[in-house]
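What you see below is based on every heavy atom in this structure, not just the backbone, and it leaves out hydrogens, waters and symmetry mates.
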Amino acid sequence: MSDSVTAGPAAWVNLPDLAEKFDVSISKIHQMIRDGHLLAVKHDGVRKVPAELVANSTVLKHLPGILTLLRDAGYNDEEALRWLYEPDPTVDGNAALGLGGDRAREVKRRAQALGF
């Protein structure tokens with residue numbers, strides 16, 4: 001997310017801290033980003049991951065699939081982040097929060113619909 005965009009995650013995790021949290025090397029975190037299992041964008045000039053997309057020592061279960069669906073629909077990383085954080089009270093406030101709860105299937109269904 002570019003510095004000019006203010007809507008989005010309430011908290012961010014930088015990549016070295018995420019590597020420590022996941023107990024993996026920083027190169028493994030970069031590989032997860034390249035493979036589409038994790039979303040990282042520049043925030044305050046540093047590449048970071050939205051904290052809501054991380055669950056304990058891994059990414060949210062449905063996140064890699066959602067990111068694949070969004071990329072297949074033509075979304076770049078910043079657009080995917082905007083979609084995940086667009087206000088939507090029907091999925092716990094926004095899609096990112098819905099992924100961490102019982103609304104994950106609905107979020108996935110909506111992401112699938114973007115491709116049509």
A.B. asks: To the nearest 0.5 Å, what is the distance between CZ (Arg105) and NE2 (His62)?
C.D. replies: 7.5 Å
A.B. asks: Following the transitive rule for hydrophobic clusters with a side-chain heavy-atom cut-off under 4.5 Å over Ile, Leu, Val, Met, Phe, Trp and Tyr, establish whether Leu67 and Leu97 coincide in one cluster.
C.D. replies: no
A.B. asks: To the nearest 0.5 Å, tell me how far Trp12 CH2 sits from Arg47 CZ.
C.D. replies: 12.0 Å
A.B. asks: Report yes if the side chains of Asp92 and Asp102 come closer than 4.5 Å at any heavy-atom pair, otherwise no.
C.D. replies: yes
A.B. asks: Can you name the closest pair of heavy atoms from Pro9 and Glu52 and give their distance?
C.D. replies: CB-OE1, 3.4 Å
A.B. asks: Check each of Lys108, Arg109, Arg103 against Glu106 using the salt bridge (Lys or Arg N to Asp or Glu O under 4.0 Å) test, and report the only one that passes.
C.D. replies: Arg109
A.B. asks: Restricting to non-hydrogen atoms, name the atom on Pro50 and the atom on Tyr85 that form the minimum distance, rounded to 0.1 Å.
C.D. replies: CB-OH, 3.2 Å
A.B. asks: Rounded to the nearest 0.5 Å, how far does NE2 of His43 lie from CG of Leu81?
C.D. replies: 10.0 Å
A.B. asks: Is there a side-chain contact between Val49 and Leu39 in this structure, where contact means two heavy atoms from C-beta onward sitting under 4.5 Å apart?
C.D. replies: no
A.B. asks: When clusters are formed by joining ILVMFWY residues with side-chain heavy atoms under 4.5 Å apart, either directly or through shared neighbours, do Val54 and Val24 land in the same one?
C.D. replies: yes
A.B. asks: Hey, could you give me the CG/CG distance between Asn14 and Asp44, rounded to the nearest 0.5 Å?
C.D. replies: 11.5 Å
A.B. asks: Going through the distances and angles, do Leu18 and Leu38 end up as a side chain to side chain contact (heavy atoms under 4.5 Å, CB included)?
C.D. replies: CA-CA 11 Å; Leu18 193 60; Leu38 191 58; 3.5 Å; yes
A.B. asks: Checking salt bridge (Lys or Arg N to Asp or Glu O under 4.0 Å) between Asp77 and each of Lys48, Arg82, Arg34, Arg71, which is the one that passes?
C.D. replies: Arg71
A.B. asks: Taking C-beta and beyond as the side chain, do Thr90 and Arg110 meet within less than 4.5 Å on heavy atoms?
C.D. replies: yes
A.B. asks: Looking at every heavy atom in both Leu99 and Ala104, which two are closest together, and how far apart are they?
C.D. replies: O-CB, 3.8 Å
A.B. asks: Does atom CD of Glu20 have more than 12 heavy-atom neighbours, drawn from other residues, nucleotides or ligands, at distances under 6.0 Å?
C.D. replies: no
A.B. asks: Is there side-chain contact between Asn94 and Leu84, with at least one heavy-atom pair below 4.5 Å?
C.D. replies: no
A.B. asks: Is a side-chain N or O of Glu86 found less than 3.5 angstrom from the main chain of Trp83, in a donor-acceptor match?
C.D. replies: no
A.B. asks: Roughly how far apart are Asp35 CG and Thr68 OG1, rounded to 0.5 Å?
C.D. replies: 10.0 Å
A.B. asks: If you look at every heavy atom in Leu15 and Ala40, which pair is closest and at what distance?
C.D. replies: CD2-CB, 4.2 Å
A.B. asks: Shortest non-hydrogen contact from Ala96 to Leu60?
C.D. replies: O-CD1, 4.1 Å
A.B. asks: With a 4.5 Å limit on heavy-atom distance, are the side chains of Tyr75 and Leu69 in contact?
C.D. replies: no
A.B. asks: Below 4.5 Å, heavy atoms only, C-beta onward: do Val59 and Phe22 meet side chain to side chain?
C.D. replies: yes
A.B. asks: Could you state the interatomic distance from CG (Leu63) to NZ (Lys61), rounded to the nearest 0.5 Å?
C.D. replies: 13.5 Å
A.B. asks: If I compare all heavy atoms of Leu70 with all of Ala111, which pair ends up nearest, and what's the gap?
C.D. replies: CD2-CB, 4.4 Å
